[in-house]
Amino acid sequence: MRYRSRVKWMDTDYARVAHYQRFLDWVDDGFQAWCNARSIFFKEEVDQGIGSPFVDVRIEYQRPITLEDEIVVTMILKDVSARGFTLTFSISKADGVIVAQGYQKRRFVSQRDLKGSDAKSDVLSILTEMQNEEADAEIG
């Protein structure tokens, strides 16, 4: 799945280069848009006592991006199970040059006792469908 955005002033440092923390924000924005488009809303999940925090995150920065660059976040969902999933991603400029890539491993956790939990069956079903979607489809 692809999500497009543009580097804004607030994303950059004094040299107008995107700050490293923003890369994961763009991935989260894209993943949330993808989930929302499939009727998974994080607020509803949290209201029902289930969260999906990161348990492992890796990002490899390869090139800088600067103010007003158009970026494309390409996401692929892998290893979907009742206990969690992995979201792999790459971030590229609009011309296809990859500027960063990595993954986020998430696990479902009960917010009541902060222990591992299973995803609700409807959420698991949607995530499984998302795992089979083409990487070149676009959202947002």
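The structure displayed is predicted, hence computed values, not measured ones.
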What is the distance from atom [atom1] of [X] to atom [atom2] of [Y], rounded to the nearest 0.5 Å?
{"X": "Leu67", "Y": "Arg6", "atom1": "CG", "atom2": "CZ", "result": "10.0 Å"}
{"X": "Gln101", "Y": "Thr74", "atom1": "CD", "atom2": "OG1", "result": "10.5 Å"}
{"X": "Glu44", "Y": "Ser39", "atom1": "CD", "atom2": "OG", "result": "8.5 Å"}
{"X": "Tyr3", "Y": "Ile91", "atom1": "OH", "atom2": "CD1", "result": "11.5 Å"}
{"X": "Asp29", "Y": "Arg22", "atom1": "CG", "atom2": "CZ", "result": "6.5 Å"}
{"X": "Phe108", "Y": "Ser81", "atom1": "CZ", "atom2": "OG", "result": "7.5 Å"}

Is there a side-chain contact between [X] and [Y], using heavy atoms and a 4.5 Å cut-off?
{"X": "Ser92", "Y": "Val97", "value": "no"}
{"X": "Asn36", "Y": "Phe41", "value": "yes"}
{"X": "Lys78", "Y": "Leu87", "value": "no"}
{"X": "Phe42", "Y": "Cys35", "value": "yes"}
{"X": "Ile50", "Y": "Val109", "value": "no"}
{"X": "Thr12", "Y": "Val17", "value": "no"}
{"X": "Phe85", "Y": "Asp79", "value": "no"}
{"X": "Val99", "Y": "Gln62", "value": "no"}

Is it the case that one hydrophobic cluster holds both [X] and [Y], taking links as side-chain heavy atoms less than 4.5 Å apart, direct or via other members?
{"X": "Leu24", "Y": "Leu77", "value": "yes"}
{"X": "Leu127", "Y": "Met1", "value": "yes"}
{"X": "Phe54", "Y": "Phe89", "value": "yes"}

task = Could you walk me through whether Lys8 and Asp25 pass the salt bridge (Lys or Arg N to Asp or Glu O under 4.0 Å) test, one step at a time?
result = CA-CA 13 Å; Lys8 296 179 249 358; Asp25 292 337; over 6 Å; no
Write down the atom of [X], the atom of [Y], and the distance for their closest heavy-atom approach.
{"X": "Phe31", "Y": "Met75", "result": "N-SD, 3.5 Å"}
{"X": "Ser110", "Y": "Ser117", "result": "N-CB, 3.6 Å"}
{"X": "Gln131", "Y": "Val80", "result": "OE1-N, 3.1 Å"}
{"X": "Leu124", "Y": "Ala119", "result": "CB-CB, 4.3 Å"}
{"X": "Thr66", "Y": "Val7", "result": "O-CB, 3.4 Å"}

ask   = Should Tyr103 and Val57 be marked as a side chain to side chain contact (heavy atoms under 4.5 Å, CB included) after you check the CA-CA gap, both sets of side-chain angles, and the distance that decides it?
value = CA-CA 6 Å; Tyr103 64 83; Val57 177; over 6 Å; no
Arg4 and Ile71: CA distance, side-chain angles, deciding distance, side chain to side chain contact (heavy atoms under 4.5 Å, CB included) verdict = CA-CA 6 Å; Arg4 293 181 182 273; Ile71 60 166; over 6 Å; no
Arg106/Gln104 under side chain to side chain contact (heavy atoms under 4.5 Å, CB included): CA gap, chis, key distance, verdict = CA-CA 6 Å; Arg106 294 178 180 234; Gln104 302 173 343; 3.6 Å; yes
inquiry  = Salt bridge check, Asp122 against Arg38: does any charged N sit closer than 4.0 Å to a carboxylate O?
reply    =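 No.
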inquiry  = Any salt bridge linking Glu70 with Lys93? Criterion: basic side-chain nitrogen under 4.0 Å from a carboxylate oxygen.
reply    =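 No, no charged N to carboxylate O under 4.0 Å.
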ask   = So, Phe23 versus Tyr61, ring centres under 6.0 angstrom or not?
value =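 Ring-ring flag for Phe23/Tyr61: true, centres closer than 6.0 Å.
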task = Mind running side chain to side chain contact (heavy atoms under 4.5 Å, CB included) on Ile65 and Trp26 for me, showing each step along the way?
result = CA-CA 13 Å; Ile65 50 177; Trp26 291 315; 3.6 Å; yes
message = With no hydrogens and no angle check, just 3.5 Å: does a side-chain donor-acceptor pair link Trp9 and Glu68?
response =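 Looking only at side-chain atoms, Glu68 and Trp9 do not form any donor-acceptor pair under 3.5 Å.
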ask   = Can you tell me if Arg58 uses its side chain to pair, donor with acceptor, with the backbone of Gly102 under 3.5 Å?
value =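 No, because the side chain of Arg58 does not come within donor-acceptor range (under 3.5 Å) of the backbone of Gly102.
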inquiry  = Tell me whether Arg16 at atom CZ has more than 12 heavy atoms from other residues, nucleotides or ligands lying less than 6.0 Å away.
reply    =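 Counting neighbours around CZ of Arg16, 12 or fewer heavy atoms of other residues, nucleotides or ligands fall under 6.0 Å, so no.
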